[in-house]
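Some notes on the structure that comes next.
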Amino acid sequence: DASAVLSIIENKKLWLTDIRFMNDSDEALDGARYVAEEIKALTSSGNAIVDQALFHLQDFSIDMVREGLAEQHAFIGSFSTRGDHLVQWRSYGNYAIEFHETLKDHFSPMEACIYDIQVKEALAKVLVDRARKAIADELLKYEDMDGYEISKALWDLGDAVNLFKHQSFVDENEIRVCRLETSHSDLIRYRVRNGIIVPYLEMGFEPR
């Protein structure tokens with residue numbers, strides 16, 4: 001609305017919203033489903049270490065991602081690459097602020113959301129293969145093995161799905177910046193929206 005426009009311009013700050021409170025109630029969980037399906041499709045390789053890594057991978061679940069978001073919050077700043085689109089006007093209000101493309105450098109990394117089902121399936125495979133290798137490499141250490149590193153491989157899978165978006169939102173052509181903060185971070189602020197307390201982060205920018 002007009003107040004938000006003035007606030008952004010005058011304060012030179014953008015608010016990144018906790019992913020659990022965005023307009024798509026399936027945020028993050030859409031991607032988690034693709035990863036979970038990819039893990040489910042894996043079969044025994046005959047290699048003891050690789051199969052043990054698969055055993056650890058099976059701890060990944062949609063519930064794990066949901067619970068993880070309550071401990072390590074993912075904050076999202078959403079932008080559209082389409083400057084004038086009816087879907088955006090209908091969904092988000094009467095004003096639009098245009099940012100120079102150098103904002104991507106200032107907020108790096110800023111990446112495009114993934115809507116295409118085949119692309120999401122392919123990316124989920126890459127992510128799962130990478131996690132399985134990371135876990136297998138850790139298991140090879142035997143006495144020096146660190147359980148934290150195995151857990152981290154699973155957490156990294158959960159973080160990676162923050163770019164997956166349901167294909168029904170494809171018209172938004174969204175690129176986004178994502179920042180992670182623990183639930184105890186002093187950087188987290190709170191605002192009220194429709195009777196709900198919503199966590200957010202502030203990010204400053206300098207106009208050209």
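Note that this is a predicted model, so its numbers are computed, not measured. The chain is numbered in sequence order, starting from 1.
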(message) Suppose clustering is done on Ile, Leu, Val, Met, Phe, Trp and Tyr with side-chain heavy atoms closer than 4.5 Å. Which residues sit in the same group as V87?
(response) none

(message) Run the side-chain hydrogen bond (donor to acceptor under 3.5 Å, both in side chains) test against Y92 and tell me which residues pass, sequence neighbours left out.
(response) N23, E172

(request) Mind jotting down which residue pairs meet the ring-ring contact (aromatic ring centres under 6.0 Å, His included) criterion with at least one end in residues 101-131? Sequence neighbours excluded, please. (result) none

Donor-acceptor pairs under 3.5 Å, side chain of residues 192-202 to any protein atom, not counting sequence neighbours: which ones?
unit_1 : atom_1 : unit_2 : atom_2 : d
R193   : NH1    : F21    : O      : 3.4
R193   : NH2    : F21    : O      : 2.6
E202   : OE1    : K13    : NZ     : 3.2

(message) Checking the side chain of D105 only, and the main-chain atoms of L103 only, is there a donor and an acceptor separated by less than 3.5 Å?
(response) no

(request) Measure the spacing between CG of L57 and CG of L42 and express it to the nearest 0.5 Å. (result) 7.0 Å

(request) Please list, chain by chain and in numerical order, all residues satisfying salt bridge (Lys or Arg N to Asp or Glu O under 4.0 Å) with D63, sequence neighbours excluded. (result) R66

(request) Output the rest of the hydrophobic cluster of L86: all Ile, Leu, Val, Met, Phe, Trp and Tyr residues reachable through side-chain heavy-atom contacts under 4.5 Å, sorted by chain and number. (result) none

(message) Run the salt bridge (Lys or Arg N to Asp or Glu O under 4.0 Å) test against D137 and tell me which residues pass, sequence neighbours left out.
(response) K133

(request) For R33, enumerate each residue passing the salt bridge (Lys or Arg N to Asp or Glu O under 4.0 Å) test, keeping only those at least two apart in sequence or located in another chain. (result) D26

(request) Side-chain contact test, heavy atoms from C-beta onward, threshold under 4.5 Å: evaluate it for I76 versus T17 and give yes or no. (result) no

(request) Any salt bridge (Lys or Arg N to Asp or Glu O under 4.0 Å) involving residues 113-124? Give me the pairs, sequence neighbours left out, ordered by first then second residue. (result) D30-K120

Side-chain donor-acceptor pairs under 3.5 Å in residues 154-168, sequence neighbours left out?
unit_1 : atom_1 : unit_2 : atom_2 : d
D156   : OD2    : K152   : NZ     : 3.0
N162   : ND2    : D159   : O      : 3.0
K165   : NZ     : E27    : OE2    : 2.8
H166   : ND1    : S168   : N      : 3.1
H166   : ND1    : S168   : OG     : 2.9

(request) Taking atom CZ of R189 as the centre, report whether more than 12 heavy atoms of other residues, nucleotides or ligands fall under 6.0 Å from it. (result) no

Can you give me every donor-acceptor pair (side chain of residues 2-10, partner residue at least two apart or in another chain, under 3.5 Å) with its distance?
unit_1 : atom_1 : unit_2 : atom_2 : d
S7     : OG     : N11    : ND2    : 3.2

(request) Please list all pairs passing the side chain to side chain donor-acceptor pair (under 3.5 Å) test where one or both residues lie in residues 69-84, with sequence neighbours left out. (result) D18-H73, R20-H73, S78-E174, S80-Q88, R82-H85, D84-W89

